Undergrad: 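Below is a structure I'd like to ask you about.
Not measured: the values here are computed from a predicted model. Chain naming here is simple, since letters A, B, ... match the order of the sequence lines and numbering starts at 1 in each.
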2 protein chains.
Amino acid sequence: MASEEVKQSLKLFIVLSRATKAINEVTYQFIQENNVNPTEFAVLELLYHKGRQPLQKIGNKILLASGSITYVVDKLEKRGYISRILSPSDRRITYAEISPKGSAFMDELFPRHEQQLHELTNGLNVKEKDQAIALLKKLGLSIKDLSY
Amino acid sequence: MASEEVKQSLKLFIVLSRATKAINEVTYQFIQENNVNPTEFAVLELLYHKGRQPLQKIGNKILLASGSITYVVDKLEKRGYISRILSPSDRRITYAEISPKGSAFMDELFPRHEQQLHELTNGLNVKEKDQAIALLKKLGLSIKDLSY
DNA sequence: TATTGTTATACTCTATAACTATA
DNA sequence: TATAGTTATAGAGTATAACAATA
């Protein structure tokens, strides 16, 4: 029989999972209505906010094998949202860079995404959100430190 | 430009996603080392804790189409973890029930799963976990109420 | 030799639609 | 007619391994 503290941890996991799932169901639907999947959105968001990235670096961030990155980047490039740029200094490296069309797409999409998240989380007031942010940040960092 | 409050909501979403992702990476790996995938584990957990369920009800809980449920239940049945039981009162209905072998599997697996979650969340102390549980519960419920 | 990215291939999971049987 | 579950099929997304080009 699990101790009270173990049960509490399980409870935390359950409410964490449910809250995340509830938000993700809405945001995934929103993203997919705009004809990108979560992986593609993640790549676009990365390039939109962080600028051009070597393909391999994208793979590390999104946790995708190199062959799969080629597949995703191909799809986004065919739609004109990103372009490949060869590195002049190291000719093994290819960068992906968001295109004007991709930027325009994200200019339109991202604020609505943010606004939707704002509405979705408004069950908590500003003070509660600050508390939640602090606790979740602490939790997330402590897990990374475990580095399983 | 997004308001401070919208930015705060985005921040909340980011730390929530990161904490969840960090936990899920570890637990998914643990589950897969035991040769079940997350969907199969969810079905086993449901039957283990809630008893026999009509296949359709499983589909509703796990959010899976009927054809996909057949596929998942087939796999678990072939491995001897569950069995199909025909309803005598309504012959359209088939129940899935966890088998002794499936129960033994979960008897072994679930406490380790719980213990792992306990260790993963121990960056927060008991009081902080209670706070986090209350906040996440409130958040999760408020999202469901929006019922997009 | 090691690294980057591509190609070719296979597999897992899921959805959809047509179907059977029961109600 | 409506519901439960199965079958057949197709597709998306991912991983793996072999490869070419470059460092």
Side-chain angles (χ1 to χ4, degrees), chain A residues 21 24-25 27-47 52-79 81-98, chain B residues 21 24-25 27-47 51-79 81-97:
Chain A
K21 189 178 170 193
N24 283 342
E25 275 170 16
T27 57
Y28 283 6
Q29 196 191 329
F30 170 72
I31 287 169
Q32 265 159 345
E33 279 166 5
N34 290 277
N35 302 310
V36 283
N37 67 35
T39 301
E40 291 161 350
F41 186 74
V43 172
L44 285 175
E45 201 183 345
L46 177 66
L47 302 181
R52 65 168 63 166
Q53 304 283 329
L55 297 196
Q56 216 209 1
K57 210 164 184 180
I58 297 175
N60 294 339
K61 293 238 186 191
I62 317 286
L63 295 181
L64 230 45
S66 66
S68 306
I69 282 294
T70 297
Y71 171 76
V72 173
V73 166
D74 278 353
K75 285 207 308 176
L76 289 171
E77 195 175 31
K78 271 170 199 150
R79 292 179 58 181
Y81 286 169
I82 67 174
S83 44
R84 282 181 165 88
I85 299 191
L86 304 178
S87 166
S89 59
D90 184 340
R91 295 177 60 201
R92 291 171 304 181
I93 293 176
T94 303
Y95 293 93
E97 183 175 75
I98 197 160
Chain B
K21 190 178 170 192
N24 283 342
E25 275 169 16
T27 57
Y28 283 7
Q29 196 192 329
F30 169 71
I31 287 169
Q32 266 160 344
E33 279 166 4
N34 289 278
N35 302 310
V36 282
N37 67 34
T39 300
E40 291 161 350
F41 185 74
V43 172
L44 285 175
E45 201 183 344
L46 177 67
L47 302 180
R52 65 166 65 165
Q53 304 282 331
L55 296 196
Q56 216 210 0
K57 209 164 185 179
I58 297 175
N60 294 340
K61 294 238 185 191
I62 317 287
L63 295 181
L64 230 45
S66 65
S68 305
I69 283 294
T70 297
Y71 170 76
V72 173
V73 167
D74 277 352
K75 285 207 308 176
L76 289 171
E77 195 175 29
K78 271 171 200 152
R79 291 178 60 179
Y81 285 168
I82 67 175
S83 44
R84 281 179 165 88
I85 300 192
L86 304 178
S87 165
S89 59
D90 183 340
R91 296 176 58 203
R92 293 171 303 182
I93 294 176
T94 303
Y95 293 93
E97 183 175 77

Undergrad: Under 4.0 Å, counting only non-hydrogen atoms across every strand here, what does A:S66 touch: a base, just sugar-phosphate, or nothing?
TA: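 It contacts base atoms.
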Undergrad: Got a second to check how far A:S83's OG is from A:L47's CG, nearest 0.5 Å?
TA: 9.5 Å
Undergrad: Tell me which of B:D90 and A:L63 sits closer to the 5' end of DNA chain D, going by the nucleotide each one is nearest to.
TA: B:D90
Undergrad: By the 4.0 Å heavy-atom rule, please label B:K57 as base, sugar-phosphate, or nothing.
TA: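 Answer is nothing: B:K57 stays at 4.0 Å or more from every strand.
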Undergrad: Measure from OH on A:Y71 to P on C:dA8 and round the result to the nearest Å.
TA: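 Going from OH in A:Y71 over to P in C:dA8 covers 16 Å.
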Undergrad: Look at the side chain of B:Q56 and decide which nucleotide, out of C:dT22, D:dG5, C:dT14, has an atom nearest to it.
TA: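 Taking heavy atoms from C-beta onward, the closest nucleotide is D:dG5.
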Undergrad: Nearest whole angstrom, please: distance from the P of D:dT6 to the CD1 of B:I58.
TA: 10 Å
Undergrad: Does the side chain of A:K75 get closer than 4.0 angstrom to OP1 or OP2 of D:dG13 through an N or O atom?
TA: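 Checking A:K75 against D:dG13: at least one side-chain N or O falls below 4.0 Å of OP1 or OP2.
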Undergrad: Measuring from the side chain of A:L55 (C-beta onward, heavy atoms only), which nucleotide among D:dA23, C:dG5, D:dT16 has the closest atom?
TA: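 Of the candidates, C:dG5 comes closest.
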Undergrad: For the helix from C:dT1-D:dA23 to C:dA23-D:dT1, figure out the bend between the end axes, five pairs an end, and round to 10 degrees.
TA: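 Rounded value for the end-axis angle: 0°.
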Undergrad: For the atom pair CG (A:L55) and CZ (A:R84), what is the distance rounded to the nearest 0.5 Å?
TA: 6.0 Å
Undergrad: Atom CD1 of B:I82 to atom P of D:dG5: distance rounded to whole Å?
TA: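 Rounded to the whole Å, the gap is 12 Å.
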Undergrad: Looking at D:dA4, C:dT14, C:dG5, which one has an atom nearest to any side-chain atom of B:S68?
TA: C:dT14
Undergrad: Over all strands shown, is A:T70 touching base, sugar-phosphate only, or nothing at heavy-atom distances under 4.0 angstrom?
TA: base
Undergrad: What's the closest nucleotide to the B:T39 side chain, out of C:dA15, C:dT14, C:dG5?
TA: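 My answer, after comparing the listed nucleotides, is C:dT14.
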Undergrad: Tell me which nucleotide among C:dT4, C:dC13, D:dG5 gets nearest to the side chain of A:R92.
TA: C:dT4
Undergrad: Could you check B:Q29 against B:E33 for side chain to side chain donor-acceptor pair (under 3.5 Å), going step by step and ending with a plain yes or no?
TA: CA-CA 6 Å; B:Q29 196 192 329; B:E33 279 166 4; 3.1 Å; yes
Undergrad: Apply salt bridge (charged side-chain N to carboxylate O under 4.0 Å, His left out) to A:D74 and A:R79, showing your working.
TA: CA-CA 9 Å; A:D74 278 353; A:R79 292 179 58 181; over 6 Å; no
Undergrad: Which nucleotide in the set C:dT14, C:dT7, D:dT14 lies at the smallest distance from any side-chain heavy atom of B:V72?
TA: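 Minimum distance to the B:V72 side chain belongs to C:dT14.
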Undergrad: Want to settle it: does A:Q32 or B:D74 sit nearer the 5' end of DNA chain D, counting the closest nucleotide to each?
TA: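 Upstream on the strand: B:D74.
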Undergrad: Which nucleotide in the set D:dT7, C:dT4, C:dA15 lies at the smallest distance from any side-chain heavy atom of B:L64?
TA: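 Closest nucleotide to the B:L64 side chain: C:dA15.
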Undergrad: Working to the nearest 0.5 Å, report the span between CD of B:Q53 and CD1 of B:I69.
TA: 11.0 Å
